[in-house]
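Read the structure below first, then the notes.
Chain letters run A, B, ... following the sequence lines, proteins first and then strands; every chain starts at 1. Note: hydrogens, waters and symmetry copies are ignored here, and every other heavy atom, side chains too, is used.
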Number of protein chains: 2
Amino acid sequence: MKWSELSDNWCPVARTLSIVGDRWTLLILRDCFLGLSRFEQFIESSGMTRHILAERLKRLVEAGILERRQYSDGPKRYDYVLTDKGQELAPALMTLRDWGKRHMPVRRATAG
Amino acid sequence: MKWSELSDNWCPVARTLSIVGDRWTLLILRDCFLGLSRFEQFIESSGMTRHILAERLKRLVEAGILERRQYSDGPKRYDYVLTDKGQELAPALMTLRDWGKRHMPVRRATAG
DNA sequence: CCCATAAGTTTCGTTTTGGAACTATGGCAA
DNA sequence: TTGCCATAGTTCCAAAACGAAACTTATGGG
């Protein structure tokens, strides 16, 4: 079965995962909840490639989870902010965070 | 950045996602919460390939989320059950389910 | 004119995935 | 004792996704 076919699955968990159930997407949303909104910020914070970030942002906007917003008119620049629909993913992020805190202790530092 | 490097990230959300943040893994866990435990059951319920299922089960066992348990001694057969650590992912599954119910309505039936 | 900033896009080699066939183990029945 | 079934995997190959890095587009400033 193709992953994309999951968006019409009977199970609401599966339908949710058809959007956020991949490597990186939930990390972008985490960054949004931390207050980040710009392309370069997501790149720096998450460590994903520009290539993939661009594709994920497009999907999140199409899904109505993020909104692409022009924030500069000089050189036209855009950033991404959570919609109401996106905001409502907060509980999901929080439960994943809580589980991680309890069950996934850090073994060694991420960087020096 | 490689996905596997995420397991030592400072952020507990990222560390959690280093295990469950891929296509399919959370669906396996959903099935476990629905009472399924056998290889063939996961295959039938989720629609993923045997190949990927085998790999994901191995990772979940290594992570201490599932336990591989012999359930038959005639032909030796094994199934998979949630550990306490795995059980504690229930809130995460429930928040994803609730969000899906609210924001991801079914467009058409999955099958005829 | 040249450099910097910032949001992307393109290219290309590597890794992961999907699909389907195949393997291993043992029960059961003719 | 042979052959078929069930079940948990493994193997193989082509297709899709991904990572890394260079390139593009648009504008402002020295």
Side-chain angles (χ1 to χ4, degrees), chain A residues 1-9 14 17-28 31-32 35-63 66-81 110-111, chain B residues 1-7 9 14 17-28 31-32 35-62 66-81 110-111:
Chain A
M1 186 202 267
K2 294 264 173 65
W3 183 261
S4 54
E5 296 169 33
L6 234 48
S7 57
D8 289 310
N9 198 280
L17 292 176
S18 75
I19 294 180
V20 303
D22 67 280
R23 307 184 130 81
W24 303 122
T25 296
L26 282 170
L27 245 38
I28 297 173
D31 284 348
C32 291
L36 308 189
S37 67
R38 312 232 281 245
F39 196 93
E40 304 294 330
Q41 290 176 324
F42 295 135
I43 289 293
E44 198 181 350
S45 165
S46 70
M48 66 193 298
T49 64
R50 323 174 69 70
H51 183 199
I52 299 299
L53 175 59
E55 199 265 336
R56 293 295 193 275
L57 289 173
K58 204 167 289 178
R59 285 209 295 123
L60 286 168
V61 168
E62 269 168 26
L66 294 183
E67 193 198 330
R68 187 170 183 263
R69 190 187 57 172
Q70 182 172 328
Y71 72 87
S72 155
D73 194 39
K76 279 191 181 174
R77 299 270 155 81
Y78 301 88
D79 68 353
Y80 298 85
V81 290
T110 300
Chain B
M1 186 202 266
K2 292 265 171 64
W3 185 259
S4 56
E5 296 170 31
L6 234 49
S7 58
N9 198 280
L17 293 177
S18 75
I19 293 180
V20 304
D22 68 277
R23 306 187 129 87
W24 304 119
T25 295
L26 282 171
L27 281 186
I28 297 172
D31 284 349
C32 291
L36 308 188
S37 67
R38 313 232 279 247
F39 195 94
E40 303 294 329
Q41 290 176 325
F42 295 136
I43 288 293
E44 198 181 349
S45 164
S46 70
M48 66 193 299
T49 65
R50 321 174 70 70
H51 182 197
I52 298 299
L53 175 59
E55 199 265 337
R56 293 295 193 276
L57 288 172
K58 204 168 287 175
R59 285 210 293 124
L60 285 167
V61 169
E62 271 168 24
L66 294 183
E67 193 198 331
R68 187 170 183 264
R69 189 187 58 171
Q70 183 172 329
Y71 71 88
S72 155
D73 194 38
K76 279 191 181 172
R77 298 270 154 81
Y78 301 89
D79 68 354
Y80 298 86
V81 290
T110 302

Rounded distance (nearest 0.5 Å) linking atom CE of A:M1 with atom OG of B:S46: 7.5 Å
Exercise: identify the closest heavy-atom pair between A:V20 and A:L26: O-CG, 3.6 Å
Considering all heavy atoms, the nearest A:I19-A:T25 contact: O-CG2, 3.8 Å
Residue closer to the 5' end of DNA chain C, A:R23 versus A:H51 (nearest nucleotide): A:H51
Earlier contact from the 5' end, DNA chain C, for A:Y78 and A:W3: A:Y78
Could you tell me the separation between the [atom1] atom of [X] and the [atom2] atom of [N], rounded to a whole number of Å?
X: A:E5; N: C:dT17; atom1: CD; atom2: C1'; value: 14 Å
X: B:E40; N: D:dT10; atom1: CD; atom2: P; value: 13 Å
X: B:I43; N: D:dA6; atom1: CD1; atom2: C1'; value: 15 Å
X: B:M48; N: C:dG19; atom1: CE; atom2: C1'; value: 13 Å
X: A:L60; N: C:dA7; atom1: CG; atom2: C1'; value: 17 Å
X: B:I52; N: D:dG9; atom1: CD1; atom2: C1'; value: 14 Å
X: B:E55; N: D:dC12; atom1: CD; atom2: C1'; value: 17 Å
X: A:L27; N: D:dG19; atom1: CG; atom2: P; value: 12 Å

N-O pairing of B:E62 and B:K58 below 4.0 Å: no
A:R68 and A:D79 ion-paired at < 4.0 Å: no
Please tell me which of the listed nucleotides, [options], lies nearest to the side chain of [X]?
X: B:P75; options: C:dG27, C:dG19, C:dT17; answer: C:dG27
X: B:F39; options: D:dG9, C:dT9, C:dT17; answer: D:dG9
X: B:R68; options: D:dA8, C:dG19, D:dA20; answer: D:dA8
X: A:K2; options: D:dG9, C:dG8, C:dG19; answer: C:dG19

OP1 or OP2 of [N] versus the side-chain N and O atoms of [X]: is any pair under 4.0 Å?
X: A:R56; N: D:dA17; answer: no
X: A:R59; N: D:dA17; answer: no
X: B:W24; N: C:dG18; answer: yes
X: A:Y71; N: C:dA7; answer: yes
X: A:K76; N: C:dG8; answer: no
X: A:Y80; N: C:dG8; answer: yes

Parallel, tilted or perpendicular: ring planes of A:Y80 versus A:F42, cut at 30 and 60 degrees: tilted
Step-by-step side-chain hydrogen bond (donor to acceptor under 3.5 Å, both in side chains) determination, B:Y71 to B:R38: CA-CA 10 Å; B:Y71 71 88; B:R38 313 232 279 247; 3.3 Å; yes
Has the side chain of [X] got a donor or acceptor atom sitting under 3.5 Å from an opposite partner on the base of [N]?
X: A:R50; N: D:dA21; answer: no
X: A:R77; N: C:dT5; answer: yes
X: B:R38; N: D:dA8; answer: no

Axis bend over the full length of the helix from C:dC1-D:dG30 to C:dA30-D:dT1, computed from five pairs that close each end, to 10 degrees: 10°
A:E44 atom CD, over 12 foreign heavy atoms within 6.0 Å: no
Touch class at under 4.0 angstrom, heavy-atom based, for A:F42 against every strand present: nothing
Side-chain donor/acceptor of A:Q70 to backbone N/O of A:S72, under 3.5 Å: yes
